[in-house]
Amino acid sequence: MSQRTKIAELLQSTEFGKEITVKGWVRTFRNNQFIAINDGSCLGNIQAVVELNTMDEALLKRLTTGASVAVSGLLIESLGKGQKVELKVKTLEILGDCDAEKFPLQPKKHSLDFLREKAHLRFRTSTFSAVFKVRHVLAFGIHKFFNERGFVYMHTPIITASDAEGAGEMFKVTTLPFDSTPRDEEGKVDFREDFFGRATNLTVSGQLEAELGAMAFSEVYTFGPTFRAENSNTARHAAEFWMIEPEVAFNDLNDNMQLAEDMLKYVIRYALEQCPDELEFLKTRLLEEEKQKPQEERSELDLLAKLHFCLDNEFQRLSYTEAIDILRNSNHNKKKKFKYLIEGWGADLQSEHERYLVEKHFKKPVILTDYPKDIKAFYMRQNEDGKTVRAMDILFPGIGEIVGGSQREERLSFLEKRMEEMHIPLDELYWYLDTRRFGTVPHAGFGLGFERLIMFVTGMGNIRDVIPFPRTPKNAEF
RNA sequence: UCCUCCUUAGCUCAGCCGGUUAGAGCACAUGACUGUUAAUCAUGGGGUCCCUGGUUCGAGUCCAGGAGGGAGAGCCA
């Protein structure tokens, strides 16, 4: 067995008569004659054909779903329908047996639920092979986009000492013994004896550190894991997820929106170019899945049409105040079909309101701007009206909020005042405030939930199915 | 965390008003067939009906509690 040829290459090849070797895993073995082999280089399988009575019966018995094999033979034009090329087997070696009675994957449809419990094996199914290939391509596309625009990729810390951001519950990082934690004079846990000499957590955002970088490189972005210890049990939340956070000096909110829209369109287009087979497969999968649903719950557009529609249309931009007006005057609101009726200005929008705007009213991605300051973070730039801040959320159909960002408050006095109002300790964040003390500039940035982007592009409905080993409340298997 | 639904063979699921020995397809075993596409056909093995308790002559089925999972909501990305 010499060098192996990848199946992706073979399926495109017309070098008939050439002797080649493939290595991979058996997907099915049909008719005691046809082996479908997959090596992950593409979604498709190569069909290896065993000639009758040329192979040891005992060897053929071992060709079970999941077994790993090395097969050598001649590449020929397929005699049957359904594939262009196939491999006429000369030698066949089982690299690793796979007991079909114990191996959970069968050549049939499995529920996503079931496969989630077998996350260590689910890469070997077509659906997850496609999903994680798209994940890779989207990740690469994001780096490509920012690199082409001259952004510097910045690694912000995973372990942070600041607990001042108020971005949600954090996971504590400690080496203190749980059964006899050291106590200080007041009886509280004495973190001076901890590994870092102070209380530390896993990061909930790299933004504050990214802003420091932006004050030197002008354009930076982060792309790394993020942790939230919130007890969120939904299809859109995970305790460990990946986030992309660009931060750009001299940008205002409009530049920020344009950057986000350009980036999303760039990576969606990149996925369409790089993963046509995977997305076609996922489109079909979604259509099959939606056949189970009643007519009114099915999507109007199929997956590919939805992605193209997203590329071909400008995102709808409007302010929070305009959105409230639309919602308040909608028939939906007047007929009291919202669970939470829109009555006045100032309240945060509920999921049902966001969905109405995106899926019913505009029927395309929507960017909402200029939210009331009281429902947004301390670092967002205040508008002249004294009521709103230069925030923006991008809402996608089926996913909800995919991007949250803002122009940052660059004026020291405004920032300090806001932090005091929101009880954020100024002394702990002296390093953040220094950016406003020493050569402050207008700047803006946003956070993109990477898994939510993958959900949108692949059409998968649950975040647990777009990250290899999901961490959610009560689940850290594998 | 709240609300709601679900849990029956290795997998997907059926099981009516509480009534005899709990079924089907796939998977597995044995055999047949051989250009198949989740191959097909025949035969066979395979069950703690999630757990605990209760009602009843009798519980997969009804009731209570618990565990696990899904969908929706909140929080958010």
Side-chain angles (χ1 to χ4, degrees), chain A residues 27-36 44-53 60-61 64-66 76 78-83 86 88 98-118 125-126 165-169 204-207 225-245 260 288 292-293 297 338-340 348-355 375-377 393-396 399-405 446-456 461-467 472-475 477:
Chain A
R27 282 287 173 84
T28 64
F29 181 41
R30 288 185 295 270
N31 218 0
N32 221 20
Q33 194 180 2
F34 302 102
I35 320 166
N45 307 322
I46 184 92
Q47 171 157 283
V49 186
V50 181
E51 262 188 282
L52 281 177
N53 307 320
L60 295 184
K61 280 274 171 213
T64 53
T65 298
I76 59 168
S78 178
L79 301 174
K81 290 173 185 167
Q83 60 280 316
E86 59 190 24
K88 195 173 169 185
C98 184
D99 185 341
E101 201 141 331
K102 290 179 183 148
F103 187 57
L105 304 183
Q106 293 166 23
K108 61 167 271 189
K109 254 203 160 46
H110 291 288
S111 67
L112 295 176
D113 243 38
F114 171 71
L115 292 170
R116 207 173 291 152
E117 286 168 24
K118 314 278 180 236
T125 65
S126 300
E165 296 167 45
E169 291 296 306
V204 292
S205 165
Q207 180 200 318
T226 311
F227 308 88
R228 302 274 166 92
E230 273 145 15
N231 190 15
S232 294
N233 294 287
T234 81
R236 307 184 303 285
H237 289 86
E240 175 181 298
F241 63 100
W242 288 62
M243 194 152 64
I244 295 106
E245 295 178 290
E288 288 294 319
Q292 316 287 324
K293 295 184 182 171
E297 285 178 32
F338 286 127
K339 195 174 167 199
Y340 297 89
D348 209 352
L349 297 179
Q350 306 288 324
S351 301
E352 59 176 346
H353 305 136
E354 296 180 349
R355 294 188 68 147
I375 58 173
K376 288 294 180 184
D393 282 0
I394 302 186
L395 310 177
F396 263 32
I399 312 291
E401 186 180 342
I402 195 167
V403 163
F446 62 83
L448 166 74
F450 186 50
E451 280 75 17
R452 290 192 181 171
L453 173 65
I454 303 168
M455 288 169 74
F456 179 74
N462 195 313
I463 198 168
R464 299 173 181 95
D465 295 328
V466 299
I467 186 166
T472 51
K474 301 276 185 292
N475 179 19
E477 185 76 18

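Keep in mind that what you see is a predicted model, and the values were worked out from it rather than measured. Proteins get letters first, then strands, A, B, ... in listed order; numbering begins at 1 in each.
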Inset, instruction - Consider only side-chain N and O atoms of A/Thr28 and A/Arg30, and report whether a donor and an acceptor are under 3.5 Å apart. - result: yes
Legend entry - Under-3.5 Å donor-acceptor pair between A/His110 side chain and B/rC11 base: no
Inset, instruction - Can you tell me, in whole Å, how much space there is between the P of B/rC49 and that of B/rA59? - result: 13 Å
Legend entry - Distance in angstrom units between A/Lys339 NZ and B/rG74 C1', rounded: 9 Å
Inset, instruction - With heavy atoms under 4.0 Å as the rule, sort A/Asp113 into base, sugar-phosphate or nothing. - result: sugar-phosphate
Inset, instruction - Have a look at A/Thr226 and say if it touches a base, only the backbone sugar-phosphate, or nothing, with a 4.0 Å heavy-atom cut-off. - result: nothing
Inset, instruction - Scan A/Thr65 against the nucleic acid and name what it touches under 4.0 Å (heavy atoms): base, sugar-phosphate only, or nothing. - result: nothing
Inset, instruction - Choose from B/rG35, B/rU1, B/rG70 the nucleotide whose nearest atom is closest to any side-chain atom of A/Arg464. - result: B/rG70
Legend entry - Note, A/Glu240 side chain near A/Thr472 side chain (heavy atom, < 4.5 Å): no
Legend entry - Sugar-phosphate, base or nothing in reach of A/Ile402, heavy atoms under 4.0 Å: sugar-phosphate
Legend entry - Nearest-nucleotide pick for A/Gln33, side chain only, options being B/rU1, B/rU34, B/rC75: B/rU34
Inset, instruction - Whole angstrom is fine here: how far is it from CZ in A/Phe34 over to P in B/rA39? - result: 12 Å
Inset, instruction - Could you please name the option among B/rC28, B/rG74, B/rU34 that lies closest to any side-chain atom of A/Ala100? - result: B/rC28
Inset, instruction - Would you mind telling me which of B/rA71, B/rG35, B/rG74 lies closest to the side-chain atoms of A/Ala235? - result: B/rA71
Legend entry - B/rC63 to B/rG19 separation - P atoms, rounded to the nearest Å: 15 Å
Inset, instruction - Please work out if A/Arg116 contacts a base, only the sugar-phosphate, or nothing of the nucleic acid, heavy-atom cut-off 4.0 Å. - result: sugar-phosphate
Legend entry - Distance in Å, A/Phe241 CZ paired with A/Thr226 OG1, rounded so as to fall on 0.5 Å steps: 4.5 Å
Legend entry - Test item: A/Ile402 and A/Leu453 side chains (from C-beta on) under 4.5 Å apart, heavy atoms: yes
Legend entry - Approximate separation, where rounding is to 0.5 Å, of A/Gln350 CD and A/Arg355 CZ: 13.5 Å
Inset, instruction - Consider the side chain of A/Arg236, meaning its heavy atoms from C-beta on, and name the nucleotide among B/rA71, B/rG70, B/rC75 that approaches it most closely. - result: B/rC75
Inset, instruction - Rounded to the nearest angstrom, tell me the gap between atom CD1 in A/Ile375 and atom P in B/rC76. - result: 9 Å
Legend entry - Rounded C1' spacing from B/rG69 to B/rC50 in Å: 11 Å
Legend entry - Whole-Å P distance, B/rC76 and B/rU7: 35 Å
Inset, instruction - Confirm from the modelled atom types if A/Ser232 and B/rC75 form a donor-acceptor pair under 3.5 Å, side chain to base only. - result: yes
Inset, instruction - Pick base, sugar-phosphate or nothing for A/Gly80, based on heavy-atom distances below 4.0 Å to the nucleic acid. - result: base
Legend entry - Nearest-angstrom distance from the residue atom CZ of A/Arg27 to P of B/rA27: 16 Å
Legend entry - Heavy-atom side-chain proximity of A/Ile35 to A/Gln47 below 4.5 angstrom: no
Legend entry - Length of the line joining A/Leu105:CG and B/rC28:P, which is rounded to integer Å: 13 Å
Inset, instruction - Nearest whole angstrom, please: distance from the P of B/rA27 to the NZ of A/Lys61. - result: 13 Å
Legend entry - Nearest-neighbour nucleotide for the A/Asn462 side chain, B/rG70, B/rA39, B/rG35 considered: B/rG70
Inset, instruction - Please state the C1' separation for the pair B/rA24 and B/rC33 - nearest whole angstrom. - result: 25 Å
Legend entry - Side chain A/Glu230 and base B/rG74 donor-acceptor under 3.5 Å: no
Inset, instruction - Locate the shortest heavy-atom distance separating A/Val204 from A/Met243; write the atom from each residue and the value. - result: O-CE, 3.8 Å
Inset, instruction - Please state the P separation for the pair B/rU55 and B/rG10 - nearest whole angstrom. - result: 32 Å
Inset, instruction - Determine the interatomic distance between C1' on B/rU4 and the same-named atom on B/rU52; round to the nearest Å. - result: 24 Å
Legend entry - Quiz item: A/Gln106 side-chain donor-acceptor pair to B/rG10 base, under 3.5 Å: yes
Inset, instruction - Look at the side chain of A/Asn31 and the base of B/rU40, then say whether one donor and one acceptor between them are separated by less than 3.5 Å. - result: no
Legend entry - Gap in Å between the two C1' atoms, one belonging to B/rG45 and one to B/rU36, rounded: 28 Å
Inset, instruction - Output the single nucleotide from B/rU12, B/rU1, B/rG74 whose closest atom is nearest the side chain of A/Phe114. - result: B/rU12
Legend entry - Separation of B/rA38 P from A/Ile35 CD1 (nearest whole Å): 17 Å
Inset, instruction - First locate atom CG of A/Asn475, then atom CD of A/Glu117, and finally report the distance between them rounded to the nearest 0.5 Å. - result: 9.5 Å
Legend entry - A/Gln350 side-chain N/O to B/rG74 phosphate OP1/OP2 under 4.0 Å: yes
